[in-house]
Protein chains: 2
Amino acid sequence: MRETAKPLRSGELARLTGVSTDTLRHYERLGILPAAPRTTAGYRMYAPDAPERVHLVRQAMRLGFTLDELTEILGARDRGEVPCGRVLAMMEAKLGALEQRIRELREAQRAMQALVRNWRVQLQRTPRGSKAGLLQSLTTKADLPAGAPEHLKRRKQT
Amino acid sequence: MRETAKPLRSGELARLTGVSTDTLRHYERLGILPAAPRTTAGYRMYAPDAPERVHLVRQAMRLGFTLDELTEILGARDRGEVPCGRVLAMMEAKLGALEQRIRELREAQRAMQALVRNWRVQLQRTPRGSKAGLLQSLTTKADLPAGAPEHLKRRKQT
DNA sequence: CTTGACCCTGGAATCGATTCCAGGGCGCAT
DNA sequence: ATGCGCCCTGGAATCGATTCCAGGGTCAAG
């Protein structure tokens, strides 16, 4: 049934995958996406499996792979090599890092919970507008784990 | 016993707190550290309680506060205001974000563990150098949670 | 033939925290 | 007075991923 199929334009691919066309171009520049063939007018024509590739990239990023790493891995794959072993190794490393990171964050969480509980009480029994020294307490009960912060900022991937 | 005490030089404060002098200057620029008085030669003289302040900053960052937020909070405190209430509110928000983030990472972890297990098997039962399609499997079992990655990169805080 | 939606380009900007740089003073010990 | 280690300055660079920009084509509908 399906013929050689209709190529996608960049905007369509973007919509299908939830990334901006800018980002698609960016990936192409890095070699993460193969250079798409062009129409005579210079428009990119993406093969129907392009969304899958983009999806792959996003999933991998979600697991902590960087664009550089993906360039490396996917490049190898595109060259016909079989990077599976390498990928597995990287994956295991990523997983280790992730576990480590989760441990750190749990520690920070614990500390924060204690702090918040404490502060709520402190604040309540403090008259009004007189300093309860909440901040100050941070310096004294300096028992938080090392190296936890980093970022818990942006959660939407635009 | 202790007199008015000996002021610290920037290098000493840096060593005591584990931050670089560059970072100290940076904090001062942002107003996170009050402008230190100077010797006639222009050297900064930090009061003996300066390490405490720096420590406070690092702890707060560890909990997810940004430098901007600290500028705001500490600035208020330095101006004699009592930012405890505000701090508590921010703290609660941070905690919420942190919990959210931890949840995401655990999800990613779960997915990765499954993937790694799977891949180990796959790879073992694949002859040698023939593509096991590990990467490919990422696109199909696309059941990872949304918005987890971000960074689990640098773990040393230099 | 004009309008509006879409596409192209490369280089620059953004976010946050930290570091690096060059060019120039101190201060103490030899 | 020479050297070495420390200090000063402000502006720029770094990391990674994404976005923004300006100036310019393309295409289909009206």
Side-chain angles (χ1 to χ4, degrees), chain A residues 7-33 35-46 54 57-72 94 97 147-158, chain B residues 7-33 35-46 54 57-72 94 97 147-158:
Chain A
L8 298 161
R9 281 180 301 162
S10 57
E12 293 172 326
L13 179 56
R15 232 167 289 117
L16 281 172
T17 56
V19 269
S20 71
T21 58
D22 266 326
T23 299
L24 289 178
R25 284 202 322 113
H26 186 48
Y27 288 174
E28 184 177 306
R29 273 197 279 236
L30 293 182
I32 286 176
L33 295 182
R38 305 300 187 97
T39 69
T40 52
Y43 289 15
R44 285 177 183 77
M45 300 184 300
Y46 288 103
V54 175
V57 170
R58 309 264 25 172
Q59 293 289 21
M61 290 188 68
R62 190 161 295 158
L63 298 185
F65 285 81
T66 70
L67 293 185
D68 272 359
E69 288 166 338
L70 287 174
T71 301
E72 146 91 354
K94 295 286 175 201
E150 200 55 24
H151 29 31
L152 21 159
K153 27 183 188 183
R154 63 185 79 160
R155 53 211 64 280
K156 55 178 304 190
Q157 48 198 354
T158 310
Chain B
L8 298 160
R9 280 181 302 165
S10 57
E12 292 171 328
L13 179 56
R15 233 167 288 118
L16 281 172
T17 56
V19 272
S20 70
T21 58
D22 267 326
T23 299
L24 290 178
R25 286 202 321 113
H26 186 48
Y27 289 174
E28 184 176 307
R29 275 198 277 235
L30 294 182
I32 285 176
L33 296 182
R38 305 301 186 99
T39 69
T40 51
Y43 289 15
R44 286 178 182 77
M45 299 185 301
Y46 288 103
V54 175
V57 170
R58 310 272 8 178
Q59 292 289 20
M61 290 186 68
R62 190 161 293 159
L63 298 184
F65 286 82
T66 69
L67 292 186
D68 272 358
E69 289 166 337
L70 287 174
T71 301
E72 145 92 354
K94 295 287 175 200
E150 200 54 24
H151 28 30
L152 22 159
K153 29 181 187 182
R154 62 184 80 157
R155 54 211 61 281
K156 56 178 301 190
Q157 47 198 356
T158 310

If you compare every side-chain N and O of A:Ser20 against the phosphate oxygens of D:dT19 (OP1, OP2), does one of them come in below 4.0 Å?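 Yes, within the criterion.
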
Strictly below 4.0 Å: does A:Tyr27 bring a side-chain N or O up to OP1 or OP2 of D:dA17?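 No.
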
What string of B, S and - do you get for nucleotides 2-8 of chain C, 5' to 3', when a contact is any protein heavy atom under 4.0 Å? ----BSS

How many Å lie between [atom1] on [X] and [atom2] on [N], as a whole number?
| X | N | atom1 | atom2 | value |
| --- | --- | --- | --- | --- |
| B:Ile32 | C:dT18 | CD1 | C1' | 12 Å |
| B:Met61 | C:dA17 | CE | C1' | 6 Å |
| A:Arg62 | D:dT18 | CZ | P | 11 Å |
| A:Leu63 | D:dA17 | CG | P | 14 Å |
| B:Phe65 | C:dA17 | CZ | P | 13 Å |
| A:Leu67 | D:dT18 | CG | C1' | 9 Å |
| A:Leu24 | D:dC20 | CG | C1' | 16 Å |
| B:His26 | C:dC15 | NE2 | P | 14 Å |

Using five base pairs at each end to define the local axes, how bent is the helix from C:dC1-D:dG30 to C:dT30-D:dA1, to the nearest 10°?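 About 30°, once rounded to a multiple of 10°.
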
Working to the nearest 0.5 Å, report the span between CG of B:Leu33 and OH of B:Tyr27.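 That separation rounds to 8.0 Å.
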
Which nucleotide sits closest to the side chain of A:Arg29: D:dT19, D:dG10, D:dT18?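 Nearest to the side chain of A:Arg29 among the choices is D:dT19.
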
Would you indicate which nucleotide in C:dA17, D:dT19, D:dT18 comes nearest to any side-chain atom of A:Asp22?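 The answer is D:dT19.
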
